[in-house]
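Taking it in order: structure first as structure tokens, then the write-up.
Only a predicted model underlies this, so the values are computations on that prediction, with no experimental measurement involved.
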Amino acid sequence: MESREEISYVSQQEAIEIDHMLMGPLGFTVDQLMELAGLSVASAIGEVYSSSEYTRVLVISGPGNNGGDGLVAARHLHHFGYKPSICYPKRSNKPLFAGLVTQLESLSVPFLPVEDLSVQLSSNFEIIVDAIFGFSFHGNPRSPFDSLIRRLVSIRNQQHTHEKAAVIISIDIPSGWHVEAGDVCGESIEPDMLVSLTAPKLCAKMFRGPHHLLGGRFVPPSIIEKFKLKLPSYPGTSMCVRIGNLPETNLPAQKGIFAASVSLEVEEDPIDQFQKWFGDALGAGIKEPHYMVLSTAGKDAKPSSRMISLEGINKYGFVWHTNYGSRKAREISENHHASLLFYWGPLKCQVRVEGFVEQVSDEESDQYFSNLPRDTQIRPIVSKQSTRIHGREGLYQQYKELEEKYHDRTLIPRPKQWGGYRLIPDFFEFWQGEESQVHLKLRYYVEEIDGRRVWRIHRLVPKLAESASSL
């Protein structure tokens with residue numbers, strides 16, 4: 001992984017000249033470069049965002065070559081196991097672009113009109129690919145791209161409040177940015193990933209997302225020599241290579257200074273403290289920071305633990321969903337006390353939460369279920385958790401039958417044996433690791449005062465770990 005300082009960044013004019021050389025004396029055609037660019041983008045997405053976790057992809061394609069890169073990327077993403085959809089409002093009538101559309105239609109990749117897109121794109125997609133404008137775009141975006149960019153900006157606001165939000169991948173430059181000056185107005189798209197093509201543009205120096213990758217493994221020596229480019233080496237047979245480390249704001253975390261910087265700003269409410277740490281974990285690009293260990297015990301007092309996904313958090317507590325016939329559900333019905341554990345290794349942070357578990361209302365479970373992808377809605381209907389089965393074949397067959405049954409229906413009813421639980425916390429412990437092994441702990445206890453829940457904070461004396469792995 002190359003540092004930002006060791007990589008060349010090119011101006012808009014240099015980028016234009018490089019393209020002219022590639023498609024002139026060096027013999028590349030537009031469709032060749034577009035194919036390589038789109039494959040690089042799809043490969044970059046595949047390396048960071050697994051198709052098992054991030055399935056539904058919306059590619060928003062503009063009218064120019066950047067939009068064509070997005071169309072090619074969508075085709076490759078389909079073959080990689082993702083489920084892409086395309087929003088292509090201003091189609092080019094050039095044969096190259098018409099061919100790309102035909103290829104996607106032959107794969108049954110849906111093309112969605114702008115008016116059919118939800119205002120909150122995150123409700124239908126896990127990944128949004130910004131392929132609207134490239135480095136040659138000038139002026140202000142016009143309709144409908146101006147409104148589409150505003151929707152992508154709203155996703156940034158969701159992320160800042162730790163709501164469930166889609167990740168944004170921008171191709172070459174984030175649409176709406178100045179190719180050299182970056183986000184001049186301070187109100188443009190903040191992508192989670194930037195995939196620079198051929199060489200990163202000057203605006204990429206202002207990119208602060210967790211993932212910056214370079215695609216375009218075709219730059220010949222003559223261009224490198226002419227423009228004095230310093231480009232990273234591509235690993236193995238990969239079509240992309242990561243540029244730089246994590247964002248500068250998170251570099252202290254990688255150096256073991258994270259604990260000291262956080263402990264200076266202790267929140268009075270532990271939920272606020274948790275959300276701040278969770279935001280740091282998201283910003284650091286930690287994979288699946290929402291996974292947690294849930295520990296329960298039934299009336300026999302024998303504890304059991306398992307990894308589950310945190311589905312929501314607010315001032316009332318932590319929410320997850322499961323089958324009401326599972327072991328954890330049975331133990332919760334016998335003993336309402338449980339604990340959660342989060343561990344984010346790269347940041348040397350651990351959070352323990354203890355409290356009382358309640359079942360959420362049917363209305364809340366219904367609302368959550370209705371926003372799930374159709375294939376995810378079918379799974380809890382098929383899965384009778386913690387019951388014996390003779391093999392997977394029967395489950396696969398039932399799943400297939402339900403897919404066919406609900407293929408044309410707009411509503412799949414939530415199975416009554418599946419829904420949400422909420423842990424209402426009464427204890428938090430925030431653990432902050434240090435390279436010196438002087439680990440700090442911060443504990444919150446709840447007290448009832450005049451009928452109100454009030455949090456008390458205990459700052460513990462630093463503890464010298466007995467070993468490097470001691471928590």
Side-chain angles (χ1 to χ4, degrees), residues 12 15-16 19 30 34 37-38 41-42 45 56-75 77 84-94 96-98 100-101 104-105 109-159 165-197 201 203-204 206-207 209:
Q12 183 177 40
I16 292 172
D19 269 9
V30 175
M34 197 171 287
V41 171
I45 293 172
R56 301 166 302 165
V57 181
L58 174 65
V59 178
I60 305 177
S61 288
N65 288 352
N66 199 258
D69 296 340
L71 297 176
V72 174
R75 171 161 42 82
L77 288 170
S85 298
I86 313 291
C87 178
Y88 189 22
K90 301 290 184 180
R91 298 193 183 191
S92 170
N93 56 9
K94 295 179 180 178
L96 169 59
F97 293 87
L100 294 176
V101 170
L104 289 161
E105 289 176 338
V109 173
F111 282 76
L112 307 177
V114 174
E115 54 270 21
D116 287 356
L117 294 178
S118 169
V119 174
Q120 293 294 339
L121 297 176
S122 294
S123 61
N124 295 317
F125 303 99
E126 287 92 34
I127 294 177
I128 313 291
V129 179
D130 161 30
I132 302 176
F133 299 127
F135 65 81
S136 60
F137 177 77
H138 293 279
N140 296 319
R142 296 181 180 178
S143 179
F145 298 113
D146 53 352
S147 64
L148 287 169
I149 289 175
R150 284 196 295 271
R151 294 192 203 183
L152 296 182
V153 172
S154 72
I155 292 176
R156 172 192 66 182
N157 298 330
Q158 285 180 274
Q159 292 171 336
V167 296
I168 301 175
I169 289 91
S170 287
I171 298 179
D172 212 20
I173 71 168
S175 294
W177 281 32
H178 187 280
V179 66
E180 296 177 0
D183 181 10
V184 178
C185 64
E187 299 179 353
S188 298
I189 301 171
E190 289 183 5
D192 302 270
M193 175 191 284
L194 175 63
V195 185
S196 293
L197 298 174
K201 313 310 177 281
C203 68
M206 276 65 83
F207 172 68

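- Rounding to the nearest 0.5 angstrom, the gap separating the OG atom in S92 from the CG atom in N65 is 9.0 Å.
- Between the side chain of S122 and the backbone N or O of A165 there is no donor-acceptor pair closer than 3.5 Å.
- The main-chain N or O of M206 is never found under 3.5 Å from a side-chain atom of W177 such that the two would form a donor-acceptor pair.
- Between G176 and S188, the shortest heavy-atom distance links the atoms O-OG, 3.9 Å.
- For the pair P174/F133, no side-chain contact is recorded, criterion being any heavy-atom separation below 4.5 Å from C-beta on.
- Between I189 and P191, the closest heavy-atom pair is O-CD, 3.4 Å.
- Rounding to the nearest 0.5 Å places CG of L77 at 7.5 Å from CD1 of I127.
- Side-chain contact between I86 and P110: absent, with no pair of heavy atoms (C-beta onward) separated by less than 4.5 Å.
- Side-chain contact between Y88 and V114: absent, with no pair of heavy atoms (C-beta onward) separated by less than 4.5 Å.
- Counting only heavy atoms from C-beta outward, the side chains of L112 and L117 approach each other to under 4.5 Å.
- Not a single ring pair (Phe, Tyr, Trp, His ring centres under 6.0 Å) links F97 to another residue, sequence neighbours left out.
- When all heavy atoms are compared, the tightest approach of A131 to I171 is CB-CD1, 3.6 Å.
- In this structure, K90 NZ and R142 CZ are separated by 10.0 Å, a value rounded to the nearest 0.5 Å.
- A side-chain contact (heavy atoms from CB on, under 4.5 Å) with S170 holds for exactly one of L194, L152, V195; it is L194.
- Residue L148 comes nearest to C87 through the heavy atom pair CD1-SG, 4.3 Å, listed as atom of the first residue, atom of the second, then distance.
- A cation-pi contact links R91 to F111, judged by a cut-off of 6.0 Å to the six-membered ring centre and 45° from its axis.
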Original post:
Do I173 and H178 pass the side chain to side chain contact (heavy atoms under 4.5 Å, CB included) test, and can you show the C-alpha distance, the side-chain angles, and the key distance before you say yes or no?
Top reply: CA-CA 8 Å; I173 71 168; H178 187 280; over 6 Å; no
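- In this structure a side-chain-to-backbone donor-acceptor pair under 3.5 Å is missing from S85 to L58.
- Heavy-atom minimum distance, F145 versus S61: CE2-O, 3.8 Å.
- With hydrogens and angles ignored, the 3.5 Å screen pairs a side-chain donor or acceptor of R56 with a backbone N or O of N124.
- Contact annotation: the side chain of D172 approaches that of K201 to within less than 4.5 Å [non-hydrogen atoms, C-beta and beyond].
- Listed for the D130 side chain is a donor-acceptor partner under 3.5 Å among the backbone atoms of S175.
- Going from atom CE of M193 over to atom CD1 of I45 covers 6.5 Å, rounded to the nearest 0.5 Å.
- The shortest distance between side-chain heavy atoms of I128 and V167 does not fall below 4.5 Å.
- You'll find the side chain of S196 stays beyond 4.5 Å of the side chain of F207, heavy atoms only.
- Here CE of M34 is found 8.0 Å from CG of L71. Values are rounded to the nearest 0.5 Å.
- Taking the side chain as every heavy atom from C-beta outward, N66 and I132 never approach each other to under 4.5 Å.
- Not a single donor-acceptor pair under 3.5 Å links the side chain of E126 to the backbone N or O of V57.
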